[in-house]
Amino acid sequence: MKIATFNINGIKARIDALLDWLDEARPDIALLQEIKTVDEGFPREPFESRGYNVETHGQKSFNGVAILSRLPLEDVSRGLDGDDDDDHARWIEATVVGERAVRVVGLYLPNGNPAPGPKYDYKLSWMERMKARARQMLADEMPIVFGGDYNVIPERQDASRPEAWEKDALFLPESRAAFRRLLHLGLYDAFRLRHPEPGHYSFWDYQAGAWARNNGIRIDHMLLSPQAADLLRDAGIDKEIRGREKPSDHVPVWIDLDA
DNA sequence: ATGGTGGCGAGGCCA
């Protein structure tokens with residue numbers, strides 16, 4: 001079972017590029033972030049005609065997540081518990097039953113800039129809420145995949161120029177500590193398991209020729225429960241996508257599970 | 001220190 005996460009930075013602007021990638025990569029499941037539209041604005045037809053079931057959790061203009069799946073999606077849940085006043089569309093869960101049942105989460109973790117400030121406070125509190133929800137889910141002792149744009153650079157080796165990110169919300173010590181607290185629950189960074197060496201990125205800014213200079217960061221992650229990690233066959237990043245016409249500033253990150 | 005780019009949607013916010 002191939003599962004990918006892809007921050008597409010707007011479904012309206014990315015539909016052609018997304019369909020091209022989907023036809024080539026053919027993931028069983030694609031977790032999308034930043035669809036930047038309400039549910040009614042999401043173009044379901046081109047995905048359904050390719051055999052994908054579509055579940056969205058959208059929002060006008062900003063944020064918004066979706067799950068595409070060749071297999072039926074069951075027990076779909078939208079939103080992250082822990083704050084009734086939070087109206088950002090950043091979290092969606094569903095269960096996929098292939099050879100075995102896998103719970104998948106698509107998440108778009110807050111950017112948090114500028115830090116310090118209210119946006120950074122929101123990021124850190126959101127990460128605490130995610131930890132609480134992940135802890136709950138891990139009690140089920142089943143394969144779970146938490147895939148998405150985490151907006152966290154976990155280690156220095158996950159940035160081409162770590163010194164440029166020292167004061168950024170994506171790399172501040174508190175952000176990285178909160179990310180490690182997720183790992184300490186017993187989650188595994190799937191890409192890092194398969195590719196321990198530095199120099200792999202999932203995001204290159206549109207500005208200042210970041211792609212041409214390979215000035216990237218690795219912020220899109222697939223965290224696995226122990227039961228999912230035991231099924232991990234492979235993991236990768238579709239870097240080449242970033243060099244195409246009208247690209248997102250992120251590229252797809254994928255895993256292959258024996259499920 | 002500033003400005004550099006892009007999406008959404010129609011001015012300014014967000015990243």
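Below, chain A is the first sequence line, B the second, and so on; all start at residue 1.
Look at CH2 on A:W204: it is 17 Å from C1' on B:dA15, rounded to the nearest Å. What separates OH of A:Y108 from P of B:dC14 is a distance of 11 Å, to the nearest Å. Distance, A:I219 CD1 to B:dA15 P: 12 Å, rounded to whole Å. Rounded to an integer number of Å, the gap from CG of A:L109 to C1' of B:dA15 is 14 Å. In this structure, the CZ atom of A:R213 is 11 Å from the C1' atom of B:dG4, given to the nearest Å.
When the side chain to side chain donor-acceptor pair (under 3.5 Å) test is applied to A:R161, no partner is found at least two apart in sequence or on another chain.
Taking the six-membered ring for Trp and thresholds of 30 and 60 degrees, A:W204 and A:Y201 have ring planes more than 60 degrees apart, a perpendicular arrangement.
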Can you pull every protein N or O that's under 3.5 Å from an N or O on nucleotides 6-8 of chain B?
unit_1	atom_1	unit_2	atom_2	d
B:dC8	OP1	A:K12	N	3.4
B:dC8	OP1	A:A13	N	3.4

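Taken from CG in A:N7 to CG in A:N151, the straight-line distance is 8.0 Å, to the nearest 0.5 Å.
Under the 4.0 Å criterion applied to side-chain N and carboxylate O atoms, A:R180 and A:E155 are not assigned as salt-bridge partners.
Residue A:Q207 is the one, among A:Q207 and A:P110, whose nearest nucleotide of DNA chain B lies closer to the 5' end (criterion: closest heavy atom).
Atom CD of A:Q136 is surrounded by more than 12 heavy atoms from other residues, nucleotides or ligands within 6.0 Å.
At least one donor-acceptor pair under 3.5 Å links the side chain of A:K123 to the backbone N or O of A:N111.
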